[in-house]
Amino acid sequence: MLLEVRGLHVEFRTRDGVAKAVNGVSYAVDEGETLAVLGESGSGKSVTAQAVMGILDMPPGRIGGGEILFRGRDLLKLKEEERRKVRGAEMAMIFQDALSALNPVLSVGDQLAEMFVVHRGASKKDARAKAVELMDRVRIPAAAQRVRDYPHQFSGGMRQRIMIAMALALEPALIIADEPTTALDVTVQAQVMDLLAELQREYRMGLILITHDLGVVADVADRIAVMYAGRIVESAPVHDIYKAPAHPYTRGLLDSIPRLDQKGQELYAIKGLPPNLMDIPPGCAFSPRCPMAQDVCRTDEPPLYEVDRHRGSACHFWRECLNG
Ligand SMILES: Nc1ncnc2c1ncn2[C@@H]1O[C@H](COP(=O)(O)OP(=O)(O)OP(=O)(O)O)[C@@H](O)[C@H]1O
Ligand SMILES: [Mg+2]
C-alpha cells in the first residue's frame, strides 16, 4: 500500500477549548488509485491531508495518536529533515487557491525551474527547459513565451494548471488535491479535473481528491471516504456508493446533488448543522440530524462495520440504509 492512515487523531487547542478535528481516521490509497474524500465543511478533510503532508499548524494543532504509513514507513516518526525530503519528492499537494500557493514575485518558469535545481541538481538551462516542457504538458498555450510571466498574469484555470505542474515536477508517488477546482467556474473546473485525472493515470500516482462535490467524483475516483465530524462514516468503491449508500449521511450528500432531470424542484439539503467539535454529541455524531436515528444511535458510537470486504459503514442501521 502506498499510503495508509491508521487511527489518526488531531486536535486544536484554542482559547475556547479543545477542538477534536480528526477522531480516529483511517484510509488508504494505492499506486495508481484515486481516493475521493467527501464531507461538509469542517469535517476534517483538510486537516487530515495536512497531517499526511506534514504541514499541520503545530501548535495550535497536535497529533493525538495514530500512524501515517507511507510505503510502510510511519511519517510521524521521521525527523523534520527526512520528512521534508518525502514532502518535496514523494508527495505533493495541490491547493484550492493557486494565487496564494504560488510565489507572486517569481515568474512561473523560475518557480518550476527551482524545483529541478534544488531537488535534482539540474543546471539553470536544463531546469528552464524542463519548466517549459511541464507547462506544455499541462497545456498552457505558448508555454515557451509564458514561462517568463508571473502568477497574476494567468487566468484562474491556467494558474491551477501551473500548480498541477509544480506538484508533478518531481513525479511524486502521491498527490493530494484539496478542492483543486472549487475556485474556478464550471467549464474550467471540468477541464482542470480532466487534466488531473489524465496525468494521474499516466504517471500512475496515488491521488487523494478532497471535494465537496459528489458530482465530479463518479468519473475520476476509485474509492470514496465520507467524513463527518472528524471520522470516516463510510468507505467504499465509488460504484457501490452510487448504487446504494450504506450510511444515511452519504445518502443525504447524494440526494443534495443537483440533477438535470429534476430542474425546478427544490434541492434536498441535510437538515441541521455539523456538531461543534469542542462538544461532539455522544453516540453517533450524525444522529441529531439523521432521519433514521434510533435511541441506540444517541448513546452508542457505531464502529466502522464491515459491509463487505471492500466496504465499511459507521451506522448501526447500515443494512436498512442499504436496502433503501
Ligand atoms: N489552525 C487551526 N486552528 C484551530 N482550528 C483549526 C485549525 N485548522 C483547522 N481547524 C479546525 O479543524 C476543523 C476541521 O477543519 P478542516 O479544514 O479539516 O475542514 P474541511 O473538512 O477541510 O472543511 P472545508 O470543506 O471547509 O475545507 C474545523 O473545525 C476547523 O475550524
Ligand atoms: Mg478543507
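Along the sequence shown, the residues carry numbers beginning at 1.
Note that CZ of Arg223 and CG of Leu209 are 15.0 Å apart. Values are rounded to the nearest 0.5 Å. One distance of note links OG1 of Thr250 with CD1 of Ile224; it measures 8.5 Å at 0.5 Å rounding. Here OH of Tyr305 is found 15.5 Å from CZ of Arg311. Values are rounded to the nearest 0.5 Å. In this structure, the separation between CZ on Arg148 and OG on Ser107 is 9.0 Å, given to the nearest 0.5 Å. With values rounded to the nearest 0.5 angstrom, Leu75 atom CG is found 10.5 Å from Met53 atom CE. Separating the CG atom in Leu35 from the OG atom in Ser235 is a distance of 7.5 Å, to the nearest 0.5 Å.
With no hydrogens or angles considered, a side-chain donor-acceptor pair links Tyr249 and Glu40 at under 3.5 Å.
Checked by atom type and distance alone, the side chain of Glu33 pairs as donor or acceptor with a backbone atom of Asp30 at under 3.5 Å. Formation of a donor-acceptor pair under 3.5 Å by the Gln200 side chain with backbone atoms of Gly32 is found in this model. At distances below 3.5 Å, not a single donor-acceptor pair connects side-chain atoms of Thr299 with backbone N or O atoms of Gly283. For Ser313 (side chain) and Trp318 (main-chain N/O), no donor-acceptor pair under 3.5 Å exists by modelled atom type. Under a 3.5 Å cut-off, the side chain of Arg87 and the backbone N or O of Gly54 do form a donor-acceptor pair.
Asp136 is linked by a salt bridge (charged side-chain N to carboxylate O under 4.0 Å, His left out) to nothing, counting only residues two or more places apart in sequence or in another chain. Partners of Arg231 by salt bridge (charged side-chain N to carboxylate O under 4.0 Å, His left out), not counting sequence neighbours, listed by chain and number: Glu301. In this structure Asp279 satisfies the side-chain contact (heavy atoms from CB on, under 4.5 Å) test together with Asn276, sequence neighbours excluded. Partners of Arg139 under the side-chain hydrogen bond (donor to acceptor under 3.5 Å, both in side chains) rule, at least two apart in sequence or in another chain, are Glu198.
Through direct or relayed side-chain contacts under 4.5 Å between Ile, Leu, Val, Met, Phe, Trp and Tyr, Leu69 connects to no other residue.
Taking 4.0 Å as the cut-off between side-chain N and carboxylate O, Arg146 and Asp149 count as a salt-bridged pair. Glu4 and Arg6 are joined by a salt bridge, as a carboxylate oxygen and a charged side-chain nitrogen come within less than 4.0 angstrom of each other. For Arg13 and Glu11, the salt-bridge test passes: some basic side-chain N is under 4.0 Å from an acidic carboxylate O.
For the pair Arg62 and Phe12, the NZ or CZ position fails the cation-pi test of under 6.0 Å to the six-membered ring centre and within 45 degrees of the ring normal.
Residues Val22 and Val18 do not share a hydrophobic cluster, clusters being chains of Ile/Leu/Val/Met/Phe/Trp/Tyr side chains in contact below 4.5 Å.
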What pairs of donor and acceptor atoms, side-chain ones from residues 163-180 against any protein atom, are under 3.5 angstrom apart with sequence neighbours left out?
residue : atom : partner : partner atom : Å
Asp178  : OD1  : Ser46   : OG           : 3.4
Asp178  : OD2  : Ser46   : OG           : 2.6
Glu179  : OE1  : Thr182  : OG1          : 2.9
Glu179  : OE1  : His212  : ND1          : 3.0
Glu179  : OE2  : His212  : ND1          : 3.2

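Exactly one of Glu234, His247, Arg289 qualifies for a side chain to side chain donor-acceptor pair (under 3.5 Å) with Tyr228. That residue is Arg289.
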